[in-house]
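Here is how names work: the chains are called A, B, and so on, in the same order as the sequence lines, proteins then strands, and each is numbered from 1.
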Number of protein chains: 2
Amino acid sequence: MRYRGRMPDDAAKPITSVWTRPHRPQREQLSREQIVAAAIELLDAEGVEALSMRKLGTRLGAGATSLYRHVANRDELIQLAVDDVYGELKLPAAAGRGKWRAAVARTATELRAMVLRHPWIAPELGQVGLVHVGPNAVRMSTGLLAQFEAAGFPTGEKDQAAGTLMAYVIGIATAEAAYLSLIARSGKTEREWVADLDPDSGKAGHPEQIREKDFRYGLDRVLDGLAARL
Amino acid sequence: MRYRGRMPDDAAKPITSVWTRPHRPQREQLSREQIVAAAIELLDAEGVEALSMRKLGTRLGAGATSLYRHVANRDELIQLAVDDVYGELKLPAAAGRGKWRAAVARTATELRAMVLRHPWIAPELGQVGLVHVGPNAVRMSTGLLAQFEAAGFPTGEKDQAAGTLMAYVIGIATAEAAYLSLIARSGKTEREWVADLDPDSGKAGHPEQIREKDFRYGLDRVLDGLAARL
DNA sequence: CCTTGTTGCGCACACTGTACGCACGGAAGA
DNA sequence: TCTTCCGTGCGTACAGTGTGCGCAACAAGG
């Protein structure tokens, strides 16, 4: 093996020696799906402001700027992550007659659960809008519209009805997500937090059940108001 | 006047000459209110990510780090700005009997208008929660609760009712704000945007009127659902 | 073997938030 | 009037950030 390190020629490129050369055993292929998946993992674990291209790159065993071959920039990456999360939703089939209400309620519950699973998504929805244009978001949006159409809402009104429901669900889920993030940053669990804040509030039940009940209350009121239009 | 610039001692501090010395004609006093006001101005004009301490400092004729004497950090500054904006709300007095619905609707309209005036606030509400703890936010929160109490909701339920209304209003205003920010970034007006996207949609009226109608529709549905509980 | 396109990555730039400590101006005390 | 002290503005510095640019290594195809 040639001892190139001592060759006089090497003075021209003094930085890299043959031995310290990266060597690059095999070039692992990066893909957009892989990047988005890792980004969601990191977002779930540490929140939106902890997502940096460098950190994500090293987590994927790659350099920071390599990601830019597959993703235009950080904002686009987050948009992709948002739409990917929308893909988790399982929508019930549209059903008319007495069944529409259960289907819509199920969709709303799914949506709330999605936001609570990925709390970082809430501020993002406020920046990009509920009319998110990714394929998964569109799928969910048209699915909800179909449910309202099957319920019997006239063509002009079903958009308004769906918008009303979406606004309520996103609004309350956003509030819950922010509240939970605040607690998470304090390092306590939700029950400890509530107990420390108001010691004799344990009588009303576990806080997560209370939140769920409050969500259900508002959902029923919104559905009552909508049902009265039929 | 002593000619300190020529003193041999001055070799120790070679950088500043007496003539280039800042001279600092008078020390303008910075105040927290002033800083928050300028921050809101900048946020309204350029959005949340354009707010940097350096930019804000120079806009106030001060150095970037001077702000830290009055404000703990950037996040706290934004929280202060949020609460300051809450202070713009004019709440109607709580009214019972047939009047509660108009009062609540007026509060909701004020809240939506506030978000539309300051679109940057929407993602912030998603991060800090609707249960914002600033004095102005608390004032508005208790005011709304009083309206529901005057309406005749029992003690346990008025919180849920107020939460439902808040969730709907914040949700839809957030969506609108995001949509308007998106348009604003494109440089067009809302009407141009809508016309370019769907040329024959002019028949339905001006887009801002449509948005207002949609907001009113959902608000009426929510209020219907709540009124049915009385 | 050579060419050609694709992709990872090192470097560099402009910019961020903010800790630290100095220096100045006014107020308070001697 | 002189000294001391404290509040506050600011310069400097550091560790980050997103991302444009160009090179280098590979895969495929001729």
What's the CD1-C1' distance between A/I35 and C/dT7, to the nearest Å? 11 Å
Show, in sequence, the C-alpha distance, side-chain angles and deciding distance for B/R32 and B/E76, and conclude whether the salt bridge (charged side-chain N to carboxylate O under 4.0 Å, His left out) test is met. CA-CA 11 Å; B/R32 172 180 277 202; B/E76 180 183 302; 3.4 Å; yes
I want to check a possible cation-pi pair here: B/R139 against B/Y86, using under 6.0 Å from ring centre and within 45° of the ring axis as the test. no
So, is A/S66 close to the C/dC9 phosphate, meaning a side-chain N or O under 4.0 Å from OP1 or OP2? yes
Check the side chains of B/H70 and B/Q34 for a donor-acceptor pair under 3.5 angstrom, ignoring hydrogens and angles. no
Tell me, please, which residues at least two apart from A/E208 pass side chain to side chain donor-acceptor pair (under 3.5 Å). A/R191
Quick check: do A/V36 and A/D83 have side-chain heavy atoms less than 4.5 Å from each other? no
Among the nucleotides C/dG8, C/dT18, C/dC9, whichever has the atom closest to the side chain of A/H70 is C/dG8
Rounding to an integer number of Å, can you tell me how far B/L67 CG sits from D/dC10 C1'? 11 Å
Restricting both atoms to N or O, compile the protein contacts to nucleotides 14-17 of chain C shorter than 3.5 Å, with distance only.
| from | atom 1 | to | atom 2 | distance (Å) |
| --- | --- | --- | --- | --- |
| C/dT16 | OP1 | B/S52 | OG | 3.3 |
| C/dG17 | OP1 | B/M53 | N | 3.3 |
| C/dG17 | OP2 | B/M53 | N | 3.0 |
| C/dG17 | N7 | B/R54 | NH1 | 2.6 |
| C/dG17 | O6 | B/R54 | NH2 | 3.1 |

Without swapping roles, check the side chain of B/Q147 against the backbone of B/A162 for a donor-acceptor pair under 3.5 Å. no
Please determine, for the side chain of A/R69, which listed nucleotide (D/dG9, D/dC23, D/dT19) has the closest atom? D/dC23
